[in-house]
Enquirer: 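Here it is: the structure, laid out below.
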Amino acid sequence: MQVLKFGGSSVADATRMSGVLDIVLAAVERDRCVLVSSAISGCTDALIAIGAETDPARRAQQIDALRRRHHAIAQRLFTGTERREMTDELDTLFEELAAAEPEACVTFGELFSTRILARKFACEGIPTQWLDSRKLVRTLGGVVAEGLTYSGIAAAVAAAPGARLFVAPGFIASDGAGRVTTLGRGGSDYSAALYAAALHAASLEIWTDVPGMMTANPKVVPAAVTIPDISYQAALALAENGAKVLYAPTVKPAMEAGIAFSIRNTFDPKHPGTLISGRPDVKEGAWMGVTSRTLPEKGEAVVCLVGEAVSGRASASSRIRAALSEAGIQPLGDVTGEGDTFFIRVRPTVEQAAVGAIHREFFEHRAVTVIPVFIAGYGAVGHELVRLVGLSADRIARRRGRSIRIMGIADSRRFVIDLRGIRPEEAENRLQGGERAEDGAFIDAVLAAAPRGSVFVDCTDDHHLHLRYAELFRGGLGIVTSNRRSLALPYVQYAALKAEARQNGTFFRYDTTVGNALPILESIASDANCSDGIESIEAVVSCTLNYIITGYDGALRDSLATLLRRAQDEGLTESDPRTDLGGKDVLRKLLILAREAGVPLEADDVEITPILGPEFFDCPLEVFYRRLAEYEPQFIAREAELDAAGQRQRFVASLRRDPAARHGYRAEIKMQRVGPESPFYWISGTENVTVVRSEYSAPLVIKGAGEGVRLAATGIIKDILM
Ligand code: ASP
Ligand code: MG
């Protein structure tokens, strides 16, 4: 017999339940199974609220919301008669819930989830038997009566010799008076261990949403790693002192029955997770994990470090004290504990910092800080970014002592989050099998999962993503964006985002939005923010226009239209290339440049002279291309005239000090004629050139490749590491 337990997030919706289906069907192939399940995520909290609700209308409303969630799952998992029977069965349970005593409400969640699961497996053709844990798991005076429980479970299983799979609700039980009760919050793990012990199970697997027990809470310590093997005692010490991944009472029944059990991740079923056993495969004196919990009534937090067969408590204690003092943390008293467990008390405000410091001392030998990164956008740039991180991670770690760990990726349809890191070569696959990204689900998940010090990268061209930047800043994340749309907002919104980042002690970096990886913005910012005032900024930063103008040879080889189409094919232009020709994209860049120089420029302040008249813009794209061909002779004539004068034309965005203008600067975007004395004259391909003149220093000319996904990705990495 095997026992498999699934937590609330593993059965949260129909998609997750299908994941459970796969895992359990594979297990049933091997041997008979007991599946123990929690309620779907959030359900127990909702039921507690329902139990406490005194207003009948509100209570009915809350019950209905929960009913709808379960119905939605039934809709997705079943069809025809099965669906009807399932919804009827659920409705009967919901009627019982509506009539239930306040304290009984909490016990319904596991009934809902396991009824659905049991029916689903039966539909799959597995001989399935639902077990009523309310009758089988018995408590007396608040503690589980093991003898009674074990014999009840064994008898129930013996009574169904034909069943291949048993499905049992976790968490719920009944007391000495036969009233339904629970095993305490998180109690489903414990239920599973009781089933395993009663049946002398060959294996017990606890499936959850993290990759096993980890050396620390990965939300607090990004560098935390999975503990592959651990003893019952050490696992118990971690669980009792704050590790939420395992409900502490679970350990005892398994240990007494000598059942090794594992904690595994439903999101990554191939990962072996953590094996908890009597004879773990660990070296003596190895460190297992560090955890903590807050004692609000005492106004302190207790940090707990756990090892296996530790010798020399004194030296470990002094390492703990040294690690804290190095981090500037004053402990509240001495190191206590005994055997392999060490306690140190600190103020709650420094709890996480203390865990981090002790983790660094005992678990991070490479002295490398992990930077957790979440990437929105898996187009050309996102793809290249992931690839480049894979290629350069080791070098960056060696040279800069920091390692970029990609923990989340999203495209417009799907997303994947894994705090252990997503390997670049598997990114594509993981994303394919990821969750649906609709309605901002990725940001929600990032906000819930992101460890301290995380960086959110926006390499989408989404128009709305910036609306959630403030939340990300408030969640403590830094943002790196290459999405110009998120900066070319009305100035107040732009300023509000920057302020939000500052107030939350984090950062907002967007160096790639102008001139890609060229250090344009950082140069302007350092000028403008120091004592030197900016006199003017002139920039030739439209890759599309540069490509066309520098590539044009009077239609000898290619017509304007051919060049433009090629630029579009090479991904240089916006989806309608007229956005570039009309100067809109350059306008965004100019706004970003000006604001970086401290000028609160708005789009309306900029005078744009597009290279083509209005008749080119308010027509369908095909008409546009026809007009472009008609216009071509004029363009050739102009080029010839320029040639004769030894000049060239460039599409220049400029900002010049002008006391008469609003904000004291005049901003323009237009074609300009330039001679060989101008830095704009010599440009090849899509090169970008920016000239910054300031009060005291000589003009600064920044010139270089302004285009290319490789450069964009490099620039983003630079921003991440800055
Ligand atoms: N559903 C219960 C709770 O949320 C039991 C469990 O999930 O383990 O506490
Ligand atoms: Mg749980």
Side-chain angles (χ1 to χ4, degrees), residues 3-13 16-17 19-20 34-52 62-63 65-67 69-70 73 90 93-94 97 100 102-118 130-134 136-137 139 142 144 149 167-175 180-197 204-210 212-213 235-236 238-240 242-254 261-267 273 276 293 448:
V3 178
L4 291 88
K5 180 262 169 176
F6 292 88
S9 54
S10 307
V11 293
D13 55 32
R16 296 285 173 73
M17 283 202 187
V20 170
V34 179
L35 185 176
V36 176
S37 177
S38 293
I40 67 174
S41 67
C43 181
T44 304
D45 288 332
L47 288 167
I48 290 172
I50 288 166
Q62 292 168 7
I63 291 180
L66 212 48
R67 198 176 65 96
R69 256 188 89 191
H70 286 87
I73 296 177
L90 285 170
L93 282 170
F94 274 97
L97 168 64
E103 59 286 354
C105 291
V106 68
T107 63
F108 279 82
E110 274 70 9
L111 298 178
F112 302 143
S113 62
T114 54
R115 285 305 199 167
I116 295 175
L117 286 165
W130 184 79
L131 295 176
D132 192 348
S133 303
R134 290 171 299 190
L136 302 178
V137 180
T139 67
V144 171
T149 299
V167 177
F171 185 51
I172 54 179
S174 55
D175 65 13
V180 53
T181 180
T182 77
L183 302 181
R185 292 309 305 268
S188 295
D189 294 351
Y190 188 21
S191 310
L194 294 169
Y195 276 97
L204 166 60
E205 293 173 352
I206 298 194
W207 289 84
T208 175
D209 55 1
V210 292
M213 284 196 115
L236 183 60
L238 288 173
E240 277 176 338
K244 297 216 177 52
V245 33
L246 179 66
Y247 185 51
T250 309
V251 177
K252 184 171 160 269
F261 68 104
S262 56
I263 300 189
R264 303 187 57 178
N265 186 1
T266 21
F267 295 105
I276 301 167
R293 76 207 151 97

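When a ligand or atom number is given, it counts from 1 through the structure's own listing order. Everything numeric in this text was worked out from a predicted model, so none of it was measured.
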Enquirer: Any nitrogen or oxygen of Gly186 lying under 3.5 Å from a nitrogen or oxygen in ligand 1? Just yes or no.
Expert: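 N/O-N/O distance below 3.5 Å exists for this pair.
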
Enquirer: I'd like to check which ligand 1 atoms, numbered from 1 as shown, lie under 4.0 Å from a non-hydrogen atom of Ser38.
Expert: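 Reading through ligand 1 atom by atom, the close ones are 6 (C), 7 (O), 8 (O).
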
Enquirer: Answer yes or no: is there a donor N or O on one side and an acceptor on the other, between the side chain of Glu110 and the main chain of Ser38, under 3.5 Å?
Expert: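 Such a contact is absent between Glu110 side chain and Ser38 backbone.
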
Enquirer: Quick one: closest heavy-atom pair of Val11 and Met17, and the distance?
Expert: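 Between these two residues, the closest heavy atoms are O-CE, 3.6 Å.
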
Enquirer: Kindly say whether Val167 contributes a backbone atom to a donor-acceptor pair with the side chain of Thr114 at under 3.5 angstrom?
Expert: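 Pair absent, no side-chain N/O of Thr114 close to backbone of Val167.
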
Enquirer: Any chance you could measure Glu205, atom CD, to Ser262, atom OG, to the nearest 0.5 Å?
Expert: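 It comes to 4.5 Å.
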
Enquirer: Hey, which atoms in ligand 1 end up nearer than 4.0 Å to a heavy atom of Thr44?
Expert: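 In order of numbering, the contacting atoms are 1 (N), 2 (C), 3 (C), 4 (O).
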
Enquirer: Give the atom numbers and elements of ligand 1 that come within less than 4.0 Å of a heavy atom of Arg185.
Expert: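 Close to Arg185: 3 (C), 4 (O), 9 (O).
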
Enquirer: Measuring from non-hydrogen atoms of Gly109 to any atom of ligand 1, is the shortest distance under 4.0 Å?
Expert: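 No, that is not the case, since the closest heavy atom of the residue is not under 4.0 Å from the ligand.
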
Enquirer: Please check this pair: side chain of Ser174 against backbone of Arg134, looking for a donor-acceptor N/O pair closer than 3.5 Å.
Expert: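 Here the side-chain-to-backbone pair exists.
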
